[in-house]
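Following: one structure in structure tokens, then a few remarks.
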Amino acid sequence: MQIALLGGTGDLGAGLALRWGRDTDHDLLVGSRDPDQAREAASDYAARLDGTASISGVQNGDAAAQADIVVLAVSPYHLGDLLSTIGDRLSETAIVVTPAVGMERGEDGMSYAPPPQGSVAALVRERTPDPNPVVGAFHTLPAGRLADLDTTLDFDTLVFGDRADAVAQVREVAESIDGLGTLTAGGLGNAAAVESLTPLLLTLGAENDAHGLGLKIQ
Ligand SMILES: NC(=O)c1ccc[n+]([C@@H]2O[C@H](COP(=O)([O-])OP(=O)(O)OC[C@H]3O[C@@H](n4cnc5c(N)ncnc54)[C@H](OP(=O)(O)O)[C@@H]3O)[C@@H](O)[C@H]2O)c1
């Protein structure tokens, strides 16, 4: 499986690349706006995995064009621009995955701030070519704990989307990371509910001096 991590030079991209690189034999394409930064990040991740993983770095559009699964690991405020540059590069069968959450900091901590479409996933759906399914996943994973390979994970991620087969495929790829479980969370109509868990977790962490919180459904 070819997985592209667009914005894979950032925190979530690093965490997912390191986990997939260590735990699976998927081919990982680290994307960036700048191909040099992409190559630098990819070789840094590969070195941290002692050269055992298939990780290469390319510009976002080139990563998107080659991938079966395209993870949009950028801020929601940059998604519109990113999707307009990669939309016509996606293969017709590529699954577009959004982990992105709109948030703002207020007096009471972090709160959910979705775009006018109602959720980030709805924005992604609006800007993604019709044939490509859109799936939401990874919103509640703390990137720092993913990137710390000494941390044993015990988290779940909620996966929703507009096509059941795409949700199933993303669940399988997510579960290939050791210690990560998944649950199907329905369709894109549930996106706002899932996305809004992230600012809640961040507020719980800040208020209770418990940083790096994730979700486990039991
Ligand atoms: N951090 C977490 O713990 C976490 C957990 C779950 C979900 N998420 C979600 O995952 C997404 C990425 O989070 P992150 O913390 O990894 O973000 P980040 O580190 O701040 O940024 C990720 C990447 O976005 C790219 N970027 C910056 N400005 C851009 C622009 N104008 N256009 C296109 N790309 C741009 C940069 O890559 P280049 O400069 O190389 O292009 C950067 O490395 C967010 O939507 C966030 O809500 C984050």
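Counting begins at 1 with the first residue of the sequence. Keep in mind that this is a model prediction, so the values were computed, not measured. First listed ligand is number 1; within each ligand, the first listed atom is number 1.
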**Asked** Near H139, which atoms of ligand 1 are under 4.0 Å from a heavy atom of that residue?
**Response** 6 (C), 7 (C)

**Item:** Nitrogen or oxygen atoms of M103 and ligand 1 under 3.5 Å apart
**Value:** no

**Asked** Counting only non-hydrogen atoms of the protein, does one fall under 4.0 Å from atom 47 (O) of ligand 1?
**Response** yes

**Prompt:** For ligand 1, which atoms, with element, lie under 4.0 Å from some heavy atom of G7?
**Reply:** 22 (C), 23 (C)

**Asked** Is it the side chain (CB and beyond), the backbone, both or neither of L141 that lies under 4.0 Å from ligand 1, heavy atoms counted?
**Response** backbone

**Fill in**
Of all protein heavy atoms, the one nearest atom 21 (O) of ligand 1 is G10 CA, 4.3 Å

**Message:** My understanding is that only residues two or more places apart in sequence, or in another chain, count here; which of them pass side-chain contact (heavy atoms from CB on, under 4.5 Å) with S196?
**Reply:** Y112

**Message:** Is it the case that atom CD in E172 sees more than 12 heavy atoms from other parts of the structure closer than 6.0 Å?
**Reply:** no

**Prompt:** Would one find an N or O of D34, backbone or side chain, under 3.5 Å from an N or O of ligand 1?
**Reply:** no

**Message:** Surrounding CG of N208 (heavy atoms of other residues, nucleotides or ligands, distance under 6.0 Å), is the total greater than 12?
**Reply:** yes

**Request:** Identify, by atom number and element, the atoms of ligand 1 in contact range of A73, meaning under 4.0 Å from any of its heavy atoms.
**Result:** 11 (C), 12 (C), 22 (C), 23 (C)

**Fill in**
protein heavy-atom neighbour closest to atom 10 (O) of ligand 1 works out as L12 CD2, 3.4 Å

**Message:** Regarding ligand 1, does V74 bring an N or O atom to under 3.5 Å of one of the ligand's N or O atoms?
**Reply:** yes

**Complete:** Between the CG atom in L141 and the CZ atom in F155, the distance rounded to the nearest 0.5 Å is 7.0 Å

**Message:** Quick check for you: to the nearest 0.5 Å, what is the distance between R127 atom CZ and I86 atom CD1?
**Reply:** 12.5 Å

**Request:** Go through I69 and V97 one step at a time and tell me if the side-chain contact (heavy atoms from CB on, under 4.5 Å) criterion holds.
**Result:** CA-CA 7 Å; I69 290 186; V97 178; 3.8 Å; yes

**Prompt:** Heavy atom under 4.0 Å from ligand 1: found in A143's side chain, backbone, both, or neither?
**Reply:** both

**Message:** Is D81 close enough to touch ligand 1? Criterion: a residue heavy atom under 4.0 Å from a ligand atom.
**Reply:** no

**Asked** Could you state the interatomic distance from CG (D34) to CG (N60), rounded to the nearest 0.5 Å?
**Response** 10.0 Å

**Request:** Look at ligand 1 and say whether L82 reaches it with a heavy atom at a distance under 4.0 Å.
**Result:** no

**Message:** In the structure I gave you, are the side-chain heavy atoms of L12 and P99 within less than 4.5 Å of one another anywhere?
**Reply:** yes

**Message:** Contact between T140 and T198 at the side-chain level, heavy atoms closer than 4.5 Å - yes or no?
**Reply:** yes

**Asked** Between the candidates D11, I86, V30, which shows the shortest non-hydrogen contact distance to atom 19 (O) of ligand 1?
**Response** D11

**Item:** Nitrogen or oxygen of T9 less than 3.5 angstrom from that of ligand 1
**Value:** yes

**Prompt:** Any N or O of R33 that comes nearer than 3.5 Å to an N or O of ligand 1?
**Reply:** yes

**Message:** Please state which option from P76, A147, S32, G214 has its nearest heavy atom closest to atom 38 (P) of ligand 1.
**Reply:** S32

**Item:** Nearest protein heavy atom with distance in Å, relative to atom 31 (N) of ligand 1
**Value:** H78 CD2, 3.1 Å

**Message:** Does ligand 1 come near enough to L72 that some N or O of the ligand is less than 3.5 Å from an N or O of the residue?
**Reply:** no

**Message:** For the 3.5 Å polar cut-off, considering only N or O atoms, please tell me whether P142 and ligand 1 meet it.
**Reply:** no

**Asked** atom 7 (C) of ligand 1: which protein heavy atom is closest, and how many Å away?
**Response** P99 O, 3.3 Å

**Request:** Can you label the angle between the W20 ring and the H26 ring as parallel, tilted or perpendicular, going by 30° and 60°?
**Result:** perpendicular

**Request:** Look at atom CD of E175 and say whether more than 12 heavy atoms of other residues, nucleotides or ligands are closer to it than 6.0 Å.
**Result:** yes

**Message:** Are there over 12 heavy-atom neighbours, none belonging to D36, within less than 6.0 Å of that residue's CG?
**Reply:** yes

**Request:** With sequence neighbours excluded, tell me which residues meet side-chain contact (heavy atoms from CB on, under 4.5 Å) with T85.
**Result:** L82

**Asked** Counting each atom of ligand 1 from 1 as listed, which ones have a heavy atom of F138 under 4.0 Å away?
**Response** 6 (C), 7 (C)

